[in-house]
Peer 1: 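What follows is a single structure, and I will ask about it in a moment.
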Amino acid sequence: MEDCIFCKIAGGQIPLPLIYEDEWVVAFNDAQPQAPVHVLIVPRTHHADVGDEVSAELASALVAAIPKVAGIAGVAASGYRTIINSGADARQSVPHLHVHVLGGALMTHGMVGFA
Ligand code: DGP
């Protein structure tokens, strides 16, 4: 999709070092990391959020990429959290479906903070 930053990264128009890539997704470091490890897994095709229709193959590939990325990032054994933000209350800032993979340090018990 034109003017979508993640489409441009996934399509190579904005070159970034990729941590992982396959037929369905690319993964790269978040530009504003919120953990020692903070990787984004992004479908190559444009979907606004997790409520947008995706094929079973893409859904499967997106989930399958999570442990692969965690392994490459070195947090598979220590543990990691995955987050998919959707919409305004979740403060989704890039309207292209993506999975955050966060880890590298012990997290607090609470999963969310409210404004
Ligand atoms: P979300 O709030 O779930 O939409 O998260 C979007 C994330 O994307 C946010 O943590 C910052 C990151 N981000 C936005 N633009 C870029 C970019 O151009 N490059 C990279 N590496 N990350 C980006």
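Bear in mind the structure is a predicted one, so any value in this text is a computation, not a measurement. Order of listing sets the numbers, starting from 1, for every ligand and every atom in it.
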Peer 1: Between E23 and R44, is the closest basic N to carboxylate O distance under 4.0 Å?
Peer 2: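 Salt bridge between R44 and E23, a charged N being under 4.0 Å from a carboxylate O: no.
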Peer 1: State whether a side-chain donor-acceptor pair under 3.5 Å links H38 with H100.
Peer 2: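 Looking only at side-chain atoms, H100 and H38 do form a donor-acceptor pair, the distance falling under 3.5 Å.
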Peer 1: Using the rule that Ile, Leu, Val, Met, Phe, Trp and Tyr join whenever any side-chain heavy atoms are under 4.5 Å apart, tell me whether V94 and I41 fall into a single cluster.
Peer 2: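 Different hydrophobic clusters.
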Peer 1: For E53, does the CD atom sit with more than 12 other heavy atoms under 6.0 Å from it, leaving out its own atoms?
Peer 2: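 For E53, atom CD is not crowded (no more than 12 foreign heavy atoms under 6.0 Å).
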Peer 1: If you round to the nearest 0.5 Å, how far is OG1 of T82 from CG of L62?
Peer 2: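 Spacing of CG (L62) from OG1 (T82) equals 10.0 Å.
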Peer 1: Please give the N or O to N or O pairs under 3.5 Å between ligand 1 and the protein, distances rounded to 0.1 Å.
Peer 2:
from, atom 1, to, atom 2, distance (Å)
ligand 1, 2 (O), R91, O, 3.0
ligand 1, 2 (O), S93, N, 3.3
ligand 1, 2 (O), S93, OG, 3.2
ligand 1, 3 (O), N85, ND2, 2.8
ligand 1, 3 (O), H98, NE2, 2.8
ligand 1, 3 (O), H100, NE2, 2.8
ligand 1, 4 (O), S93, N, 2.7
ligand 1, 4 (O), S93, OG, 3.2
ligand 1, 4 (O), V94, N, 3.0
ligand 1, 4 (O), H98, NE2, 3.1
ligand 1, 5 (O), H98, NE2, 3.2
ligand 1, 5 (O), H100, NE2, 3.3
ligand 1, 10 (O), D30, OD1, 3.0
ligand 1, 10 (O), D30, OD2, 2.5
ligand 1, 21 (N), N29, O, 2.8
ligand 1, 21 (N), A31, N, 3.4
ligand 1, 22 (N), A31, N, 3.1

Peer 1: Y20, Y80: one ILVMFWY side-chain cluster at the under-4.5 Å cut-off?
Peer 2: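 Hydrophobic grouping puts Y20 with Y80.
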